[in-house]
Novice: 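Structure in structure tokens, see below.
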Protein chains: 2
Amino acid sequence: MAVRRMTARPANAHQARLLRLLRDGGPNSRAELGDRVDLSRSKLAVEIDRLLETGLVVADGLAASRGGRRSHNVRLNSELRFLGVDIGATSVDVAVTNPELEILGHLNQPMDVREGPVAVFDQMLAMVAKLRDSGVAEGFDGAGIGVPGPVRFPEGVPVAPPIMPGWDGFPVREALSQELGCPVMVDNDVNLMAMGEMQAGVARSVGDFFCVKIGTGIGCGVVVGGEVHRGTTGSAGDIGHIQVEAEGRPCPCGNRGCLEAYFGGSALARDAEAAARDGLSAELSARLETAGRLTAEDVSTAAAAGDGTSLDLIRDGGARVGQVIAGLVSFFNPGLVVIGGGVTGLGHTLLASIRTQVYRQSLPLATGNLPIVLGELGPAAGVTGAARLISDHLFSPA
Amino acid sequence: MAVRRMTARPANAHQARLLRLLRDGGPNSRAELGDRVDLSRSKLAVEIDRLLETGLVVADGLAASRGGRRSHNVRLNSELRFLGVDIGATSVDVAVTNPELEILGHLNQPMDVREGPVAVFDQMLAMVAKLRDSGVAEGFDGAGIGVPGPVRFPEGVPVAPPIMPGWDGFPVREALSQELGCPVMVDNDVNLMAMGEMQAGVARSVGDFFCVKIGTGIGCGVVVGGEVHRGTTGSAGDIGHIQVEAEGRPCPCGNRGCLEAYFGGSALARDAEAAARDGLSAELSARLETAGRLTAEDVSTAAAAGDGTSLDLIRDGGARVGQVIAGLVSFFNPGLVVIGGGVTGLGHTLLASIRTQVYRQSLPLATGNLPIVLGELGPAAGVTGAARLISDHLFSPA
DNA sequence: TCGACTTTTTCCATGGACTGGACAAAGAGT
DNA sequence: ACTCTTTGTCCAGTCCATGGAAAAAGTCGA
């Protein structure tokens, strides 16, 4: 049986504000809401009644008394469903959330973006169908999707993506919206990770921060005043090709000495294989022997087992990343730096190395109170951010 | 005779909007204003009448007919005066502007910030008195002031300024406000330069850009969505101590390889003196002989005269700055980069060197349409920005 | 069980914000 | 003199929003 999807949108800024409060704060009484939005109780009641009429919000019984009349709680209609898709360089994540953006179902599959949008869409839609069949959703009120490259945000179209050439100009937003029959928003995967950590992770209630994602490549989500900064052409945060060594290693991008030539999933795997072949690490050599090739994960487990070469690789990489972050911290003076992405499995060795470098190189005033932490959402960050992206869009005045 | 200063402030957002429009667009008819603010003509008339009552706005005769009834122009009260002060490391600028932020009088004097706030204030107030005596103003409706270091913006107090130790915690805002009897806002000098170029220079109508100021040191004003980004502790834009060389030259800050160890007024003068002593340039040696020491200006004039060593110094420095800017461009993806400050006398040699480096190192998507230009306001940028700072403050809802 | 007190919600009169339309004023063009 | 255009003013009506009064629904102690 088909559920009627919500098509209503908040009619004004007050309603939008209320919807977001309900999303982020869970069920709430009218009185509590009144304290948070600057509105008289009368006006508040009117707006809530209107939201109830639209079906976006439903009554949620009576709260426990706090010494007086019990309050009538309201909450977002729990039938609302958002879809979050996170397309990485080598895998896809698909998740379904409730209106509070909590994940109800989550699938992850390996994939290669370079196979192009059509193949990837097929795979992704199959994953969506599987989630649907599992019963967590019958349809979607909105979907957010992240792709590993710059996006022309208003149109929802990838633009000149270096690692996914076939996607240039592919109308992701349009295509997915057609397929799902609901509103869709598209963004860079790194920006979505930042939004995810802001929604439900370490960056809650931080206005200015950035979020460095170290996966196959290296990117950075920039948040200013609670809003993602996308830049003039949508390429803000593209820090993977900042130069860290004057006449350094050649990089696929054509330059020399780029950060990504020294660290990130690709560089780490390549360096580990070289070390294994040079016989620097018995541990790595053995793994290379059996698997035929090495990945960042191999380095991670070897390091955890105490392999010195692997630890050195991580420390060196961390120092390179730290060097870049140190510069950005001086420039941007954030209140928090989040490190996330696939290689967070490298954990505290990496983090320590980054911290050392940043605290040594940046100005005391900028680092004095600057936490540098790992993201706490892991693979859920991207899809959570995707859900937040579309819900922010839908929960804004029509 | 004392003029009664304006104490009125806009009562609501509409009035604030109108005041800013009048400031930036000059005299205007009601009809034109109506097209730019989204208000009915009735409501507009009411708000303008109220502004007329406050005295902030005055009638300005009739405009020429455009085929119908002539419009009644209004403009800001031309008796309004703003004071802009720009305290640099080695000089002070003081200027008076009309309500449209055009400079009516401007003084510049050499000075050493390290003499401390009391001495500098004395000198500055004497300059203000001189301007007053010259008849451009009898009093001020507001003042903006820039200092060469980080500022705790809400309080208007310098915080941990490296090059002006005696100023730490000195209540600049409070003190100047007391002295002048008008509202005062304080900011970093680099931020003010950015605001100046945004108000009346190359950055008009650009939302996201940054403004690199190369004076004694090197700093950077960061503008996001038309607003200056000051960072969590007010130190955003402090790029002078970003590392450009791994185990590079020692820097007074304690680290090695900082940008300021390679370029900026101080470094350039030092390098020029070394070159002169080593006999690399007859031109510079001669100047050193006569003056006893060299400044960035000497290098500038020598370069203009074709001195190869000086040109090399500028080119090398530009490459260093360009290297840092390239990284920041990748990170921030601005729509414009402005180069300003004392050493802009180095002109197009410097600019060309910076451009080469940035266009080579940053991603094509970020640089594809990125102008890198010299500021067009020169020494007026800082004081114009200071005037804009206070007028933005005064022209916002009470 | 009965007041006294709290807290929440609803109701209502009032005032202000804002709009759109009618109308007047002032000019251009014919 | 007439029409057309542009601008400014007036006004009635609508919607927004507030603050206070009153009602509803509860706790708690006597």
Side-chain angles (χ1 to χ4, degrees), chain A residues 8-22 25-54 56-76 395-398, chain B residues 8-22 25-54 56-76 395-398:
Chain A
R9 288 278 291 277
N12 58 41
H14 295 313
Q15 294 186 12
R17 181 88 201 285
L18 289 170
L19 290 172
R20 290 184 192 202
L21 275 175
L22 290 172
N28 242 317
S29 71
R30 283 155 140 87
E32 281 177 84
L33 288 169
D35 295 341
R36 298 226 245 158
V37 299
D38 196 28
L39 276 181
S40 66
R41 283 163 311 183
S42 334
K43 180 61 182 164
L44 182 70
V46 171
E47 295 299 352
I48 289 183
D49 285 345
R50 288 184 191 158
L51 284 173
L52 286 168
E53 277 174 34
T54 67
L56 285 170
V57 161
V58 297
D60 190 32
L62 293 168
S65 166
R66 294 193 298 174
R69 175 173 174 175
R70 294 165 63 191
S71 58
H72 292 217
N73 275 356
V74 291
R75 64 146 193 256
L76 292 174
F395 292 172
S396 60
Chain B
R9 289 279 291 277
N12 58 42
H14 295 314
Q15 294 185 13
R17 180 89 200 285
L18 289 169
L19 290 173
R20 292 185 191 201
L21 275 175
L22 290 172
N28 244 317
S29 71
R30 284 156 139 86
E32 281 177 84
L33 288 170
D35 295 340
R36 297 227 244 159
V37 298
D38 194 30
L39 277 181
S40 65
R41 283 170 308 180
S42 336
K43 178 62 181 163
L44 183 69
V46 170
E47 295 299 352
I48 289 183
D49 284 346
R50 289 184 190 159
L51 285 172
L52 286 168
E53 278 173 33
T54 67
L56 285 169
V57 160
V58 295
D60 190 31
L62 293 167
S65 167
R66 294 194 297 174
R69 176 174 174 174
R70 294 164 65 190
S71 58
H72 291 210
N73 277 355
V74 292
R75 64 144 194 259
L76 292 175
F395 292 171
S396 60

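In the text below, chain A, chain B and the rest are named by the order of the sequence lines, each starting its count at 1. Hydrogens, waters and symmetry mates play no part in the numbers below; they use all other heavy atoms, side chains included.
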Novice: Grab the CZ-P distance between Arg41(B) and dG20(C) for me, whole Å please.
Specialist: 10 Å

Novice: Judged by each residue's nearest nucleotide on DNA chain D, which is more toward the 5′ side, Glu32(B) or Gly67(B)?
Specialist: Gly67(B)

Novice: For Leu39(A) and dA17(D), what is the distance between atoms CG and P respectively, to the nearest whole Å?
Specialist: 7 Å

Novice: May I ask you to decide if Leu44(A)'s main-chain N or O and Arg30(A)'s side chain share a donor-acceptor pair within less than 3.5 Å?
Specialist: no

Novice: CG of Leu44(A) versus C1' of dT9(C): gap in Å, rounded?
Specialist: 11 Å

Novice: Using whole Å, what does the distance between atom P of nucleotide dG15(C) and atom NZ of Lys43(A) come to?
Specialist: 19 Å

Novice: Between the base of dG20(C) and the side chain of Ser42(B), is there a donor and acceptor pair under 3.5 angstrom?
Specialist: yes

Novice: Looking at dT7(C), does its base get a donor-acceptor pair with the side chain of Arg69(A) below 3.5 Å?
Specialist: no

Novice: Which residue, Leu39(B), Asn73(B), Ile48(B), forms the side chain to side chain contact (heavy atoms under 4.5 Å, CB included) with Leu33(B)?
Specialist: Ile48(B)

Novice: Taking the basic N atoms (NZ, or NE/NH1/NH2) and the acidic carboxylate oxygens, is any pair closer than 4.0 Å for Arg50(A) and Glu53(A)?
Specialist: no

Novice: Between atom CD in Gln15(A) and atom P in dA17(D), what is the gap in whole Å?
Specialist: 11 Å

Novice: If you pin Asn73(B) and Arg70(A) to their nearest nucleotides in DNA chain D, which one's is more 5'?
Specialist: Asn73(B)

Novice: Measure the distance from CD on Glu47(A) to C1' on dT9(C) and round it to the nearest whole Å.
Specialist: 17 Å

Novice: Would you say dC15(D) has OP1 or OP2 under 4.0 Å from some side-chain N or O of Arg50(A)?
Specialist: no

Novice: Output the rounded distance in Å from CG (Leu62(A)) to P (dA25(D)).
Specialist: 10 Å

